[in-house]
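Quick caveat: nothing in here was measured; it's all calculated off a predicted structure. Atoms considered below: every heavy atom in the structure, side chains included; atoms not considered: hydrogens, waters and symmetry mates.
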Number of protein chains: 2
Amino acid sequence: MDQNDVLKLENQLCFSIYAASRAITKVYRPFLERLGITYPQYLVMLVLWEKDKITLKDLCKKLYLDSGTLTPLLKRLETMDMVKRVRSSEDERVLCVSITDKGRNMKQEAIKIPECILGSLNTDVRALANLKNEVDQLLIDINE
Amino acid sequence: MDQNDVLKLENQLCFSIYAASRAITKVYRPFLERLGITYPQYLVMLVLWEKDKITLKDLCKKLYLDSGTLTPLLKRLETMDMVKRVRSSEDERVLCVSITDKGRNMKQEAIKIPECILGSLNTDVRALANLKNEVDQLLIDINE
DNA sequence: ATAAATTTAATTGTACACAATACAATTTTG
DNA sequence: CAAAATTGTATTGTGTACAATTAAATTTAT
């Protein structure tokens, strides 16, 4: 590859992933709008649908997001009555995030979304699964 | 796949790409910090290193970013004396973004970055090129 | 036990990201 | 040619992202 090509936008994997990430979020937007939540908020709900209750610290680790991002996001979800934020009685520093009934009920609506997304994309599911594995491997390589 | 699994975070390609995108930006950050620019600003400079002058509209199209994002970003780059923003004399609505000497000179520093990134990741270059193709295909599928 | 270090969450400040809107210039149409 | 539609950028408002700092509680070390 030419020395000059190294910098060319088209050759940059990072840009592709950056653009793909925003494009995917855009695909989700209209579906999530109906639920009244954003994509990062949806990720939080995905976690809580699997596990009723989780500490903020563990949530940060699971989503690779820091508390500065999640704190205001969770406060918005709390205002919408989707989650509850309670401090642990054992350790007052620890914040426990738990799902409300309203938040739990939303799962029934949300469960249709992944299929809708797959339908609107006309790609082979196998190819997507394969792509996911490769992206995950990259994530592992980045974090050593 | 189980009906419940559909919603599981681990199964979601979108989340992997979302997380990978942020992780990659994080890898770039220390290198770009030395140049005094952010990752999206670096993308703009990549375009201008290939093409001295471009309209805002074309820049938006190339980066898949809208003017609401690029306008303040370009103003910051202009303040740093990296780019110039001038209206076209033919059509006053058209904004021409061009690179300054200072911006052009930065290319010599920036040209080392991609190699540094590849070095810090210990992954096969072939695998990354392949991954890029697959992500690009997904982007095409999304935009039909 | 108590001072120092550590852990954890919240806060602050800067910078995207994008939908919605506003506005100005140009092009199209009747 | 004048009204309507379109085009292109800027502005506004909401919501992430994350580094840096602050503050509070716990743990460790003496």
Inset, instruction - Select base, sugar-phosphate, or nothing to describe what E33(B) touches, counting heavy atoms under 4.0 Å on all strands. - result: nothing
Legend entry - Side-chain N,O (T38(A)) to OP1/OP2 (dT14(D)) below 4.0 Å: no
Inset, instruction - Tell me which nucleotide among dA10(D), dA25(D), dA9(C) gets nearest to the side chain of L56(A). - result: dA9(C)
Inset, instruction - For R76(B), enumerate each residue passing the salt bridge (Lys or Arg N to Asp or Glu O under 4.0 Å) test, keeping only those at least two apart in sequence or located in another chain. - result: none
Inset, instruction - Could I get the full list of side-chain hydrogen bond (donor to acceptor under 3.5 Å, both in side chains) partners for S21(B), not counting sequence neighbours? - result: none
Legend entry - For atom CZ of R93(A) and atom C1' of dT22(D), their distance in whole Å: 15 Å
Legend entry - pair L32(B)-T38(B): side-chain heavy atoms closer than 4.5 Å: no
Inset, instruction - Can you figure out which of dA10(D), dA10(C), dT26(D) approaches the side chain of D91(A) most closely? - result: dT26(D)
Legend entry - Options dA10(C), dT16(D), dT9(D), nucleotide nearest the side-chain atoms of R85(A): dA10(C)
Legend entry - With sequence neighbours excluded, residues passing salt bridge (Lys or Arg N to Asp or Glu O under 4.0 Å) with E50(B): none
Inset, instruction - Can you tell me the distance, in whole Å, between the CD atom of E90(B) and the C1' atom of dG8(D)? - result: 15 Å
Legend entry - Nearest-angstrom distance from the residue atom NZ of K57(A) to C1' of dT7(C): 8 Å
Inset, instruction - Determine, step by step, whether M106(A) and I37(A) satisfy the side chain to side chain contact (heavy atoms under 4.5 Å, CB included) criterion, reporting the C-alpha distance in whole Å, the side-chain angles of both residues, the deciding distance to 0.1 Å, and the verdict. - result: CA-CA 11 Å; M106(A) 194 167 66; I37(A) 59 177; 3.7 Å; yes
Inset, instruction - Sequence neighbours left out, what passes salt bridge (Lys or Arg N to Asp or Glu O under 4.0 Å) with D52(A)? Give chain and number order. - result: R104(A)
Legend entry - Those residues that, when tested against D91(A), pass salt bridge (Lys or Arg N to Asp or Glu O under 4.0 Å) (two or more places apart): R93(A)
Legend entry - Distance, rounded to the nearest Å, where L59(A) contributes CG and dA10(C) contributes P: 12 Å
Legend entry - Any R29(A) side-chain N or O less than 4.0 Å from OP1/OP2 of dC18(C): no
Legend entry - Any residue of residues 63-79 of chain B with a heavy atom less than 4.0 Å from an atom of DNA chain D: S67(B), G68(B), T71(B), K75(B)
Legend entry - Protein-nucleotide distance (L95(A), atom CG; dA23(D), atom P), rounded to Å: 19 Å
Inset, instruction - Round to the nearest Å and state the distance from Y28(A) atom OH to dG15(D) atom C1'. - result: 19 Å
Inset, instruction - From the options dG8(D), dA19(C), dA10(C), select the nucleotide whose nearest atom is closest to the side chain of R87(A). - result: dA10(C)
Inset, instruction - Let me know the distance between OH of Y42(B) and C1' of dA15(C), rounded to the nearest Å. - result: 19 Å
Inset, instruction - Please state how far atom NZ in K26(A) lies from atom C1' in dG15(D), giving the value in whole angstrom units. - result: 15 Å
